[in-house]
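Quick notes on the structure that follows.
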Amino acid sequence: MRGCQQKAVTAMASVSNAPTHPNQTQPRVALVGNPNTGKSTLFNALAGMKVRTGNYPGVTIEKKLGTCELGDKEIELVDLPGTYSLAPRSPDELVAVEVLTDNVAAHGGVKLIVCVVNALLLQRNLFLVSQLLELGKPVVVALNMIDVAESRGIQINVERLSERLGVPVVATSAAKRTGITELKKTIADQLDSDTNEHERCRILPSEFYGAVATFREALNSTATKAGASESKISDLPDDYLLERMLLDRGGEPETRVIAQYGDSARVALTEIREQLAAKLGDPIDIECNARYAWAREKLSAVFTNESHPSSPVTDRLDAILTHRVAGLVCFVITMFLIFQTIYTFAGWPMDLIDAASSWLSDSICAVMAPGMLRSLITDGIIAGVGGVLIFLPQIALLFLFLALLEDCGYMARAAFLVDRIMTTFGLSGKSFLPMMSSFACAVPGVMASRVIENRRDRFATIMVAPLMSCSARLPVYLLLIAAFIPQTSYIGGWLSLPAIVLMSMYMVGVVVAIPVAWVLKKTILRGEVAPFVLELPEYKVPSLAVVLSRVWDAGKAFVIRAGTLIFAASILIWFAGYLPGDHSKQYQLQTQIEQLDQSSQAAELLVVELNNESSKLLEHSMLGRTGHFIEPVVRPLGWDWKIGVGALASFPAREVIIATLGTIYSLGGDAQEEGLVGALQASTYDDGTPVYSVPVALSVMVFFALCAQCVSTLLVIHRETNSWFWPILSFSYMTILAYIGAWLTYVVGSSFL
Amino acid sequence: METTLDQLRPGQQANIVRISGADEIASRLRELGFVPGELVKFVRPAPLGDPLKCFVHGSRIAVRCGEARRVYVKPVG
């Protein structure tokens, strides 16, 4: 087992540091384009299932690589995030630019760039194309969605466009899979005929490039004055990044260069910007005017028929879906349907997995004598693996819906509808779906936060999403409510107290999320308000291939990355609950029971004895002793040591609590709910006072509502933020909040009830 | 009668005159097609008043009121 673990850990490490690719002879081709141009569909059409994901060091965007066969050759495709412009305003965006401009193997040199362009929005898409042409690398334009354009009566003269732009243009429809072979052939031809030096297009006015040269000299002299070595001078950023620095105020390259070269660099930059502004006007206008003018010029006489009706279907649907009343109603219904479907349909695969684990356990028990190894296999390994796999149905279903909504175009409308509410919480409209998904399970919820481009909003969402009561908390709520909340009802039976309490537990998370998001936004995640300029794409039928590949990616990433560590954590907990202790009597009883008829009276008596023995062993194990040890800490919450042990044991995964409580209350491995309810109600201290009361029950529920008891979520947070700081922060603040919340609930509850 | 995008009535069209500011928001607006000289149509606001759905440069774009206030326009027709 240890060998497997080591291999898994090494595998994870190598995926995340993946720049050194085993096969350096595969030329790398980058895929870029605006969002909503069908880039993912095209990537899918080119690379199929041969996709690897990883991390670029230091940033959170995902490295997505695929292999594509071009005749007898193979190329490596890099899928870069959809963007409207190459201006690098954040570390994530800078990585994308560096991938495109680097000729060195640090990120793997890109030999050719394929720009995916939406044939319906050609003029605006040319903004990005013009930037790509300035990089001095071969470019191929994939004029995608050509089928939609033709159905609208738009006719584009592809040869003329190619002539004008100076690069090959291939008309494609990724959705209909037309033009793909031609695209592949064009890429292959371009790679073959590649001359090393490509002319860098110059689209901006010449005075601009003069200013860039001046800036480079200024930086050079700063470096020499500071006595920098030769290497530092040659380390000067690529010309392209210098150009961006003059154009983008406060962008990422500016931050980096000033950090490296100091104040004199900033002074030089400001000075040159001012000179430029005096000659040509505001840098933003320089770029914008130059590029759009270029686009207009390139497109003259390219359209043989430019009737440009926008999709009537989209407008008609939007009239309802973004309508003040109808829009909100449809939104609520959609969200409810998603939630309900996941609830219903995740249930049976999860039961199946549960049943499979039980069957496997029972089979092992049938062939092995009771002993430590058997316990390790059944209670440790099988329970651990089962604990990982049990997440898959929920992840798969949630990602299925998220991918469907995103691909058909509705996701943007959802963000549009709720943005106003989300901003009052310090989040953005796009945070809604990750948060809502977290009500089912925070693991896919956190993973879904990838759609939020703004780093601060994304991290705030990730920090707050686990507060949404996930489905694993539900058994705890239901158990304690069944045991301790009276069945009184109000309004003639319409509203029952148990239902109100259940709703309140869900609300606890939501209500606490608001100040937490606010505090985060005011402290660690402080910064300028992110722009919310969101394109609402035309509605389209979602592509099955893209949707399924997203589901597959999500599931695979989870199982590989989080799975191994959850598994390890389960083993550890098993270990802590097993040792130290002499289990020989327990084994004896188990063997005896298994030899008897399970329903006989003798067997039942033995089962009771077994349960008592198990409970004693648990009490004296490391876990039990820790429970006793921390009892003074949990007394203020109204808990006794048994609840403490339960809470401790459920730190890796909340689901464990039911089974742990079952053991502690001497009910053996499979706790029957009614039995457990009775046991909780009957539980007393030595002096006879009941352990549980309504305030205690509420305090336990509030603790579970707020506590970060899920290794899976913490690991997914690590993966999405590419650091350990955020999961540790998440764990810490939630545990502290949970403690305070539980304490307050107990204290306040005891005074009133 | 120069006004700002957020002041238009639902369904009203206008010509973009200029975009104020030189920060990320201004860049983003331009990248998405809010360029001086282009025609923009304010379609409708979200149910809660914010953001605003517009039609510019061939595509539907949602912008918050604060951002729309940066877009100076001259109503048409």
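To find a chain, count down the sequence lines: A is the first, B the second, and so on, and within it residues start at 1. On a predicted model such as this, the values are computed, not experimentally measured, just so you know.
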Item to check | Contacting region of F127(A) [heavy-atom separation from chain B under 4.5 Å] | outcome: side chain

Checklist entry - Among L417(A), D248(A), T314(A), which residue forms the greatest number of heavy-atom pairs with chain B at distances under 4.5 Å? => result T314(A)

Item to check | Side-chain ion pair, R124(A) and E38(B), N-O less than 4.0 Å | outcome: no

Checklist entry - Which region of Y292(A), side chain (C-beta onward) or backbone (N, CA, C, O), has a non-hydrogen atom less than 4.5 Å from a non-hydrogen atom of chain B, or is it both or neither? => result side chain

Next on the checklist: Main chain of C65(B), side chain of D6(B): is a donor-acceptor contact present, judged purely on distance under 3.5 Å?
Outcome noted: no

Checklist outcome for this item: Cut-off 4.5 Å, heavy atoms of chain B, and the answer for S428(A) is both

Item to check | Sequence neighbours excluded, every pair satisfying ring-ring contact (aromatic ring centres under 6.0 Å, His included) that has a member inside residues 13-45 of chain B | outcome: none

Item to check | Engaged part of L52(B) at the chain A interface, taking heavy atoms whose separation is under 4.5 Å | outcome: backbone

Checklist entry - Given a strict heavy-atom distance threshold of 4.5 Å, which part of A319(A) is in contact with chain B: side chain, backbone, both, or neither? => result both

Checklist entry - Can R70(B) and D23(B) be counted as an ion pair, charged N to O under 4.0 angstrom? => result yes

Item to check | Segment of E67(B) engaging chain A (4.5 angstrom heavy-atom cut-off) | outcome: side chain

Checklist entry - How far apart are the C-alpha atoms of I16(B) and V35(B), what are their side-chain angles, what is the distance that settles it, and do they pass the side-chain contact (heavy atoms from CB on, under 4.5 Å) test? => result CA-CA 7 Å; I16(B) 301 179; V35(B) 190; 5.9 Å; no

Checklist outcome for this item: Contacts satisfying salt bridge (Lys or Arg N to Asp or Glu O under 4.0 Å) that involve residues 405-423 of chain A (not counting sequence neighbours) are D318(A)-R413(A), D407(A)-K540(A), D419(A)-R64(B)

